[in-house]
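Note sheet for the following structure.
One-based numbering, in listed order, for ligands and for the atoms of each.
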Amino acid sequence: MKQEELEELLKEMSPEEKAGQLLQVNAELLSGGGVETGPSAGNFDRKDVWLAGSVLNIVGAKKVRQLQREYMEKHPHHIPLLFMADIINGYRTVFPIPLAQGCSFDRKLVEECAAASAREAAASGVHVNFSPMVDLVRDPRWGRVMEAYGEDSFLTASMGAAAVEGYQGASPETEGSVSSCFKHFAGYGAPVGGRDYNNVELSERTFRDDYLPGYQAAVQAGAHMAMTSFNTIDRVPATAGKKLLRDILRGEMGFDGVVISDWAAVEELVAHGIAEDKREAAKLAMEAGVDIDMMTDVYLRHVPGLIRDGILKEEMLDEAVMRILKLKNRLGLFEHPFRFADEDRERFFAAEKPYSSLAQRAARESFVLLKNNGILPLSETKGKICFMGPYAGQARMAGAWSFLTETDGYQTLEEAVKRIRQDVSFVKGSELLDRGRELRHFANGAAPVRNCSTPEEEEAWYREAEEAAKAADVVVLALGEHSYESGEAASRARIDIHSVQMELFRRVKRVNPNLVAVIFSGRPLELKEISDGASALLMTWMPGEQGAAALADVLFGRQEPGGRLSMSLPYCVGQIPVYYSEFSTGRPCMSQDPLDRSGSRYLDIPNAPLYPFGWGMSYTDFQYSGVTLSRPRMGRKDRLTASVTVTNSGTRRGTEVVQMYIRDIAGSVVRPVRELKGFQRIDLRPGESRRVSFEIREDMLRFHDIHMEYRSEPGSFTVFIGHDSTAENQASFVLKG
Ligand code: GLC
């Protein structure tokens with residue numbers, strides 16, 4: 001439709017019909033059979049629901065086409081619905097969780113996984129995808145770290161932009177593209193205590209310098225939609241945040257797309273204590289610029305009345321409705337209301353699984369080898385190997401947001417390993433959850449999981465494992481948390497491996513010191529004892545449908561683990577928040593003497609995390625030359641090149657993630673001890689060397705200064721180029737005034 005036709009359509013609509021466009025409902029309300037990813041819906045009735053402007057989490061070409069047809073016939077102006085869904089790490093093909101994808105440090109891979117997810121979801125009728133989540137995360141107690149790209153702003157921004165580009169393609173006409181709705185705006189990843197939905201207390205400078213870049217990158221990548229977050233910022237709920245949404249998101253960032261609330265977040269303004277009732281909640285959210293009210297009847301019930309009473313101007317409602325109509329028009333829904341929903345293509349994706357090899361590559365590129373004394377890779381022929389633990393025999397290794405597709409029936413590690421070597425033994429070892437523990441998925445419908453074993457059974461499994469370990473040369477323990485223990489509403493105050501698994505580890509360790517620990521989780525866990533006791537430690541996160549196949553290949557050395565930590569692994573939960581881009585303080589901890597009391601430190605643990613951001617091993621070694629700079633001083637308009645030569649000094653081909661960090665030595669406000677400003681994955685044959693260069697520009701040195709202006713300041717800088725965030729390989733330069 002032309003713009004003037006949209007204007008005409010808007011003029012013909014009543015306030016109730018306009019308010020209907022601001023309503024988003026789920027399948028349960030429209031056609032039944034939906035997934036509830038939030039608290040039960042408001043008190044809708046059928047008449048209201050048929051005025052809705054969009055629906056969420058209804059997938060399936062046939063169902064979507066039928067619903068769109070029925071809806072458009074019934075709607076007084078025959079306006080098409082927008083179909084939205086949570087395709088967080090894949091739809092038909094389930095990829096590793098975003099936190100794991102962040103560990104790949106492979107922007108192109110993230111874009112490819114997003115594009116593949118979009119094609120599969122678009123064939124099943126999805127128009128808008130509630131992804132990427134570009135919340136910065138530095139607290140692994142928070143279960144939703146699994147959906148983020150980690151603790152660093154630059155990495156989050158790089159991967160978030162790649163995901164948006166992957167989803168949306170070159171244009172809305174791109175076959176199989178979907179609109180990207182980035183989330184959760186803003187600062188949701190920093191809840192106090194790591195407890196989901198809790199307040200967020202950040203200084204404005206930290207908020208702007210560290211937490212906003214991910215969202216900014218999504219806007220610059222052209223995302224069509226933004227979702228508000230549940231939390232408060234500066235004690236104002238984001239969904240009522242006029243300054244946040246109208247001044248920062250639209251004003252400063254230039255976002256001109258649709259803003260949708262998170263599930264029931266408009267109504268939750270009452271629970272927050274910022275709105276007396278739903279009528280005031282409607283007023284505050286509208287004034288803040290929230291266009292769509294997800295899954296409550298607040299806008300539908302109260303916006304027309306607020307306009308009739310002269311409290312809200314109809315222009316404000318028209319502005320919101322027009323943004324929604326424009327998005328529908330941008331996606332061509334008025335002419336092609338079924339868009340890419342196509343049963344044949346849907347069947348093709350389900351039957352042919354064209355993205356399985358991509359999923360396998362994504363899994364192995366996200367695995368992070370934290371420790372290896374040489375026990376890995378395992379031999380395909382020599383020695384006796386025994387596998388055990390809850391993840392040795394079970395297939396559930398998709399992330400918590402994979403409920404829109406079938407995730408049972410994945411290959412287990414046992415099946416994958418036996419395709420490489422049949423004479424390995426597998427024993428149970430232990431359950432995943434402690435006895436008597438029960439766990440539900442955060443979205444209703446999934447059956448709860450529980451450990452109903454008896455003490456006798458448990459003891460028998462331990463004894464069997466001890467015997468098997470005695471007879472083996474190497475024991476591989478596949479341990480971890482359940483996929484239901486991360487994701488939304490999955491905060492954990494203790495981020496340990498459950499005691500039933502630790503007992504297995506301790507008992508096996510006593511009879512066989514040659515242990516390989518493989519950890520499945522949606523977050524960094526507390527792994528000090530396992531790291532100390534195992535000869536090798538591999539993080540596989542929630543690797544998705546090809547996780548077992550990728551893991552077997554990596555364990556036997558057919559492929560290498562390609563990941564580097566996107567989030568620091570804490571020494572223990574008491575160290576949280578721990579992240580590499582910290583500040584020196586006035587008393588930096590300089591001494592290695594544990595009794596030294598002169599610096600900012602703990603009495604009982606080191607300051608350093610167990611494993612730092614950017615860390616990860618491969619099966620070969622890399623040597624770095626010193627850092628050379630193209631010039632020692634640079635003006636604002638200059639470009640400075642920082643280079644190293646990297647050599648594969650090992651015996652097999654390998655991939656290195658070369659990382660560049662910069663430190664601003666002194667500023668008008670304190671500056672982090674270093675910040676990631678570039679990374680490159682390079683693949684080298686044994687003995688091969690390659691020159692790796694990074695361009696440094698003045699804009700890369702900017703931050704919010706003492707006057708809250710975003711600018712660089714002249715002075716000295718240090719460039720670090722190396723293997724991870726502790727690299728000391730450095731050179732210095734000066735930015736001239
Ligand atoms: C949930 C999540 C959000 C998701 C939405 C729709 O509560 O916070 O990330 O996209 O509701 O399922």
Side-chain angles (χ1 to χ4, degrees), residues 23-30 33-42 52 54-59 82-91 97-99 117 121 126-137 142-149 160 163-164 167 178-191 195-198 200 214-215 218 223-232 237-239 258-269 271 290 292-296 399-405 440-446 484 486-491 522:
L23 167 63
Q24 177 170 91
V25 294
N26 71 345
E28 204 54 47
L29 291 164
L30 258 186
V35 176
E36 302 259 315
T37 54
S40 60
S54 60
V55 294
L56 83 158
N57 287 334
I58 294 179
V59 290
L82 268 172
F83 285 82
M84 307 192 195
D86 293 290
I87 310 292
I88 307 306
N89 44 271
Y91 173 54
I97 55 175
L99 185 67
S117 308
V126 176
H127 302 153
V128 180
N129 183 14
F130 293 135
S131 176
M133 175 181 156
V134 279
D135 302 319
L136 191 76
V137 293
W142 192 51
R144 301 197 74 168
V145 299
M146 62 148 299
E147 303 168 52
Y149 294 112
V164 171
Y167 291 136
V178 296
S179 286
S180 164
C181 172
F182 70 89
K183 65 190 185 182
H184 305 77
F185 197 74
Y188 182 33
R195 201 178 79 226
D196 208 354
Y197 316 123
N198 204 359
V200 167
Y215 309 114
H224 296 161
M225 190 177 288
M227 182 186 293
T228 66
S229 55
F230 290 119
N231 58 283
T232 57
T239 307
V258 174
V259 173
I260 185 171
S261 79
D262 202 338
W263 184 294
V266 173
E267 183 167 330
E268 289 174 4
L269 296 179
V290 176
I292 297 179
D293 172 6
M294 184 193 290
M295 282 304 290
T296 82
W401 279 95
S402 308
F403 50 73
L404 286 176
T405 191
R440 290 178 183 281
H441 187 273
F442 80 95
N444 73 351
Y484 291 4
S486 58
E488 185 168 353
S491 299

Identity of the nearest option to atom 12 (O) of ligand 1, non-hydrogen atoms only, from I88, L56, D86, D196 |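 Considering heavy atoms of I88, L56, D86, D196, the nearest to atom 12 (O) of ligand 1 sits in D86.
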Checking the N or O distance criterion of under 3.5 Å, is ligand 1 in contact with [X]?
{"X": "R144", "value": "yes"}
{"X": "E147", "value": "no"}
{"X": "D262", "value": "yes"}

What atoms of ligand 1 come closer than 4.0 angstrom to any heavy atom of [X]?
{"X": "F130", "answer": "10 (O)"}
{"X": "N57", "answer": "12 (O)"}
{"X": "K183", "answer": "3 (C), 4 (C), 9 (O), 10 (O)"}
{"X": "W263", "answer": "7 (O), 11 (O)"}
{"X": "F230", "answer": "7 (O), 8 (O)"}

N89-W401 side chain donor-acceptor pair, cut-off 3.5 Å =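 Side chains of N89 and W401: no pair found under 3.5 Å.
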Do you see a donor-acceptor pair shorter than 3.5 Å between the side chains of N57 and D86?
->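 Looking only at side-chain atoms, D86 and N57 do form a donor-acceptor pair, the distance falling under 3.5 Å.
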What is the minimum heavy-atom distance between P132 and G160, and which atoms define it?
->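 Looks like CG-O, 3.6 Å.
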Determine the minimum heavy-atom distance between C181 and I260, stating which atoms define it.
-> SG-CG2, 3.9 Å
For atom 2 (C) of ligand 1, closest protein heavy-atom neighbour |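 So the nearest neighbour among protein heavy atoms is E488 OE1, 3.1 Å.
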Quick one: do H184 and S229 satisfy side chain to side chain donor-acceptor pair (under 3.5 Å)? Show the steps, please.
-> CA-CA 5 Å; H184 305 77; S229 55; over 6 Å; no
Taking the non-hydrogen atoms of M133, is any one of them nearer than 4.0 angstrom to ligand 1?
-> no
Within-shell test, H184 vs ligand 1, heavy atom, strictly < 4.0 Å |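 Yes.
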Do side-chain atoms of D196 reach the backbone of R144 as a donor and acceptor pair under 3.5 angstrom?
-> no
Of I87, V126, V128, V178, which meets side chain to side chain contact (heavy atoms under 4.5 Å, CB included) against Y167?
->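 Of the listed options, the one satisfying the test is V178.
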Cation-pi, W263 ring and K183 (6.0 angstrom, 45 degrees) |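 The answer is no, since K183 fails at least one limit relative to W263.
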